[in-house]
Amino acid sequence: HRSQERDERKKRLVHMIHTRAIDSKTGLPHPATRIEAALEEAKIHLDDHKSVEEQFDDVIAKLRPIIPLSIEQKKLTITVPSQFAGKCQQVVRDNSKITSEDWLSDGGWKVVVEVPAGFSFEFIEKLNSLTHGDVVVEE
């Protein structure tokens, strides 16, 4: 049972690093397998009595000598056509921090959001699939 909990905690940590951190050289998120290999190389073991979120900063500090990591937020300007505005609102509100929003005269929705840099590609893909590619995203 404990090993299952440990595995679950490790998966959560790898997912957090994958979504919040990017490769400081390329600007792309690190693959999960590379993160797992770096955790083993650094011999990082999670404390069972602390949450993954509490240990995140310490783990990042230990991983930086092994793989180049940068924790960043990306600011995106998203323009959604009127026919998809309703569908996209929930996705945008659940997955990002809205800094400003405006309804356009044609019924479209223009919103400026902040998302973790590693998650931005996945976020844009979600919006593209909802709008069949009609969303405009500017960095």
Side-chain angles (χ1 to χ4, degrees):
H1 180 71
R2 283 186 188 158
S3 67
Q4 185 180 3
E5 284 183 3
R6 254 185 245 117
D7 289 344
E8 195 63 39
R9 227 183 333 276
K10 185 177 179 182
K11 284 180 185 175
R12 254 197 329 253
L13 176 66
V14 169
H15 181 71
M16 279 179 67
I17 294 170
H18 177 71
T19 56
R20 293 185 186 180
I22 58 172
D23 184 335
S24 57
K25 293 179 182 173
T26 64
L28 299 171
H30 285 288
T33 53
R34 185 182 299 158
I35 296 168
E36 288 172 0
L39 287 170
E40 287 183 25
E41 188 179 330
K43 295 183 174 84
I44 294 174
H45 299 287
L46 295 175
D47 185 345
D48 293 343
H49 304 293
K50 290 184 182 178
S51 72
V52 174
E53 290 78 14
E54 289 175 313
Q55 300 176 65
F56 182 75
D57 292 332
D58 294 336
V59 170
I60 293 296
K62 291 176 185 175
L63 285 180
R64 280 204 169 112
I66 297 167
I67 56 175
L69 287 172
S70 177
I71 308 293
E72 294 180 15
Q73 293 283 330
K74 272 195 177 177
K75 196 172 213 173
L76 304 173
T77 303
I78 303 166
T79 307
V80 181
S82 59
Q83 69 265 34
F84 302 111
K87 283 184 188 177
C88 291
Q89 265 195 23
Q90 196 61 44
V91 171
V92 170
R93 293 184 193 286
D94 289 347
N95 295 295
S96 65
K97 178 183 171 198
I98 296 176
T99 56
S100 71
E101 63 181 307
D102 190 28
W103 288 96
L104 307 174
S105 59
D106 65 355
W109 187 44
K110 186 171 188 170
V111 61
V112 178
V113 299
E114 287 183 357
V115 294
F119 180 66
S120 65
F121 298 108
E122 191 178 323
F123 180 66
I124 293 168
E125 283 299 313
K126 280 184 183 181
L127 292 175
N128 274 324
S129 70
L130 280 175
T131 64
H132 309 290
D134 285 345
V135 69
V136 177
V137 180
E138 302 163 1
E139 289 186 34

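Counting begins at 1 with the first residue of the sequence. All heavy atoms count here, side chains included; hydrogens, waters and symmetry mates do not.
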side-chain contact (heavy atoms from CB on, under 4.5 Å) between Val112 and Leu76, intermediate numbers included = CA-CA 6 Å; Val112 178; Leu76 304 173; over 6 Å; no

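Although no hydrogens or angles enter the test, the distance criterion places no donor-acceptor pair under 3.5 Å between the side chain of His18 and the main chain of Pro29. Formation of a donor-acceptor pair under 3.5 Å by the Thr26 side chain with backbone atoms of Leu28 is found in this model.
Here the straight-line distance linking atom OG1 of Thr131 with atom CG of Leu127 works out to 6.5 Å at 0.5 Å rounding. Here the straight-line distance linking atom NZ of Lys11 with atom CZ of Arg6 works out to 14.5 Å at 0.5 Å rounding. Atoms CD and CZ, on Gln55 and Arg12 in that order, are 10.0 Å from each other to the nearest 0.5 Å. To the nearest 0.5 Å, atoms OG (Ser100) and NZ (Lys75) are separated by 7.5 Å.
Linking ILVMFWY side-chain heavy atoms closer than 4.5 Å, directly or via other members, places Phe119 and Ile98 in a single hydrophobic cluster.
Glu5 is listed as a side-chain neighbour of His1, based on a closest heavy-atom distance under 4.5 Å.
Annotation for Gln4: atom CD does not count as buried by contact number, only 12 or fewer foreign heavy atoms lying within 6.0 Å.
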Using atom types as modelled, flag every donor-acceptor pair under 3.5 Å from a side chain in residues 77-92 to any protein atom, sequence neighbours excluded.
from  : atom 1 : to    : atom 2 : distance (Å)
Gln90 : NE2    : Asp94 : OD1    : 3.0
Gln90 : NE2    : Asp94 : OD2    : 3.3

Contacts table for residues 36-50: side-chain donor-acceptor under 3.5 angstrom, sequence neighbours left out:
from  : atom 1 : to    : atom 2 : distance (Å)
Asp47 : OD1    : His49 : N      : 2.9
Asp48 : OD1    : Arg9  : NH2    : 2.9

Name the atoms and distances for all side-chain donor-acceptor pairs under 3.5 Å in residues 56-71, with sequence neighbours left out.
from  : atom 1 : to    : atom 2 : distance (Å)
Arg64 : NE     : Leu69 : O      : 3.2
Ser70 : OG     : Glu72 : OE2    : 2.8

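For the side chain to side chain donor-acceptor pair (under 3.5 Å) condition, the pairs that include at least one residue of residues 102-122, sequence neighbours left out, are Glu101-Trp109. Sorted by first and then second residue, the ring-ring contact (aromatic ring centres under 6.0 Å, His included) pairs involving residues 57-76 (not counting sequence neighbours) form an empty list.
Contacts of Lys126 classified as salt bridge (charged side-chain N to carboxylate O under 4.0 Å, His left out), with partners at least two apart in sequence or in another chain: none.
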